[in-house]
2 protein chains.
Amino acid sequence: MEQTDAIAALSALAHPGRLGAFRLLVKAGAAGLPAGEIARLTDSRANTLSTNLTILTHAGLVSSRREGRSIIYVADYDSMRDLLAFLMEDCCSGEPAICAPAALLTEQAAACGAKTSC
Amino acid sequence: MEQTDAIAALSALAHPGRLGAFRLLVKAGAAGLPAGEIARLTDSRANTLSTNLTILTHAGLVSSRREGRSIIYVADYDSMRDLLAFLMEDCCSGEPAICAPAALLTEQAAACGAKTSC
DNA sequence: TCCCTATTTCCAGAAATCTGGAAATAAGGA
DNA sequence: TCCTTATTTCCAGATTTCTGGAAATAGGGA
């Protein structure tokens, strides 16, 4: 991932409405959510939300498909993973003893232990 | 971690100069780097960099200590880990099959395999 | 065709951020 | 004390982002 792409993704997420919408979509999984439902759940106006979903889309964090009159938005897990990987990329080369991914890995392993593929 | 803190950290990182400085500090490890050295390596003016380091500090991503005439900046690995954990927090509850942390975990394990504590 | 719902696009005023010049502060050395 | 280096603080102009009103587009149903 390029620094430019990382900055686009980080600025897209650095906004209350967009971060809220994105996390909602992360929870929603592959089924996604229609724009109107996101607007209702995040308590935002249709036009403002639409602008924000466009920003998330351009940053590669979500994608969308039309279904009848609704447009369904879905989180893009791959680009989210790329962003996280970019942020921790050089962590190990410095001080392995305080390596963030290692600690994170342990926490996640514990948290996801009961789930099927985590 | 609160949404407010996450947004402060994300906006702090969503800037070329600050992201560059932060990644430099992540690489530098616990020894950190003096402000002047960061300015030289990121090719930025002293006053601009100072402002940017203050923003990273307020976001909790770096801390500093004085050493003679220099001020040494150090990355805060704990808050970085908190931010990453916040972003992937609800990932597993949606669709375990496409859970980002799991994939990340695998990649990191492979990348860090040779290091002592990763 | 007409109507209704869902969503987006256009636009402009308001607010926030970014940058760099200039001056101020801090510390060490002669 | 005076000088030099390291860094920060203050400030204002330039630029960007944010928001919401109004209108436009898209699809389904009577």
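In the text below, chain A, chain B and the rest are named by the order of the sequence lines, each starting its count at 1.
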Starting at the 5' end of DNA chain D, which residue's closest nucleotide do you reach first, A/Arg66 or B/Ala46?
B/Ala46

Euclidean distance, atom CG of residue A/Leu56 to atom P of C/dT8 [Å, nearest integer]:
12 Å

Note, B/Leu33 side chain near B/Val74 side chain (heavy atom, < 4.5 Å):
no

Using only side-chain N and O atoms of B/His15, determine if any of them is under 4.0 Å from OP1 or OP2 of D/dT16.
no

Is B/Arg45 near enough to C/dG21 that one of its side-chain N or O atoms lies under 4.0 angstrom from OP1 or OP2?
yes

The answer to which of B/Gly68 and B/Ala14 contacts DNA chain C further toward the 5' end, by nearest nucleotide, is B/Ala14

Please classify the nucleic acid contact of A/Arg40 as base, sugar-phosphate, or nothing, using heavy-atom distances under 4.0 Å.
nothing

At under 4.0 Å, does any side-chain N or O of B/Tyr73 touch on OP1 or OP2 of D/dT8?
yes

Which distance, rounded to the nearest 0.5 Å, do you find between the CG of B/Leu13 and the CG of A/Leu87?
6.5 Å

Between CD1 of B/Ile38 and P of D/dA6 the distance, given in whole Å, is 14 Å

Taking 4.0 Å as the cut-off, does a side-chain nitrogen or oxygen of A/Arg69 come that near to OP1 or OP2 on C/dC4?
no

Taking atom P of D/dT17 as reference, at what distance in whole Å does atom CG of A/Leu10 sit?
14 Å

Respond yes when some side-chain nitrogen or oxygen of B/Ser50 is under 4.0 Å from OP1 or OP2 of D/dT7, and no when none is.
no

Do A/Arg23 and B/Phe86 form a cation-pi contact, if we require the NZ or CZ to be under 6.0 Å from the six-membered ring centre and within 45 degrees of the ring's axis?
yes

Whole-Å distance, A/Asn47 CG to D/dG20 P, equals 8 Å

Which value, rounded to the nearest 0.5 Å, describes the distance between B/Ile72 atom CD1 and B/Arg65 atom CZ?
5.5 Å

d(NE2, B/His58; C1', C/dT17) in whole Å
16 Å

Using a 4.0 Å heavy-atom cut-off, does B/Ser70 contact any base of the nucleic acid, only the sugar-phosphate backbone, or nothing at all?
sugar-phosphate

From A/Asn52 atom CG to A/Leu19 atom CG, the distance as rounded to the nearest 0.5 Å:
11.5 Å

I need the CZ-P distance between A/Arg65 and C/dA6, as an integer number of Å.
17 Å

Find the distance A/Leu53:CG to C/dT7:P and express it as a whole number of Å.
10 Å

Does a side-chain N or O of A/Thr48 approach OP1 or OP2 of D/dG20 to a distance below 4.0 Å, or not?
yes

Grab the CD-P distance between A/Glu37 and C/dT7 for me, whole Å please.
10 Å

Just to be sure I understand the rule, does B/Ala35 reach a base, reach only the sugar-phosphate, or reach nothing, if contact means heavy atoms closer than 4.0 Å?
sugar-phosphate

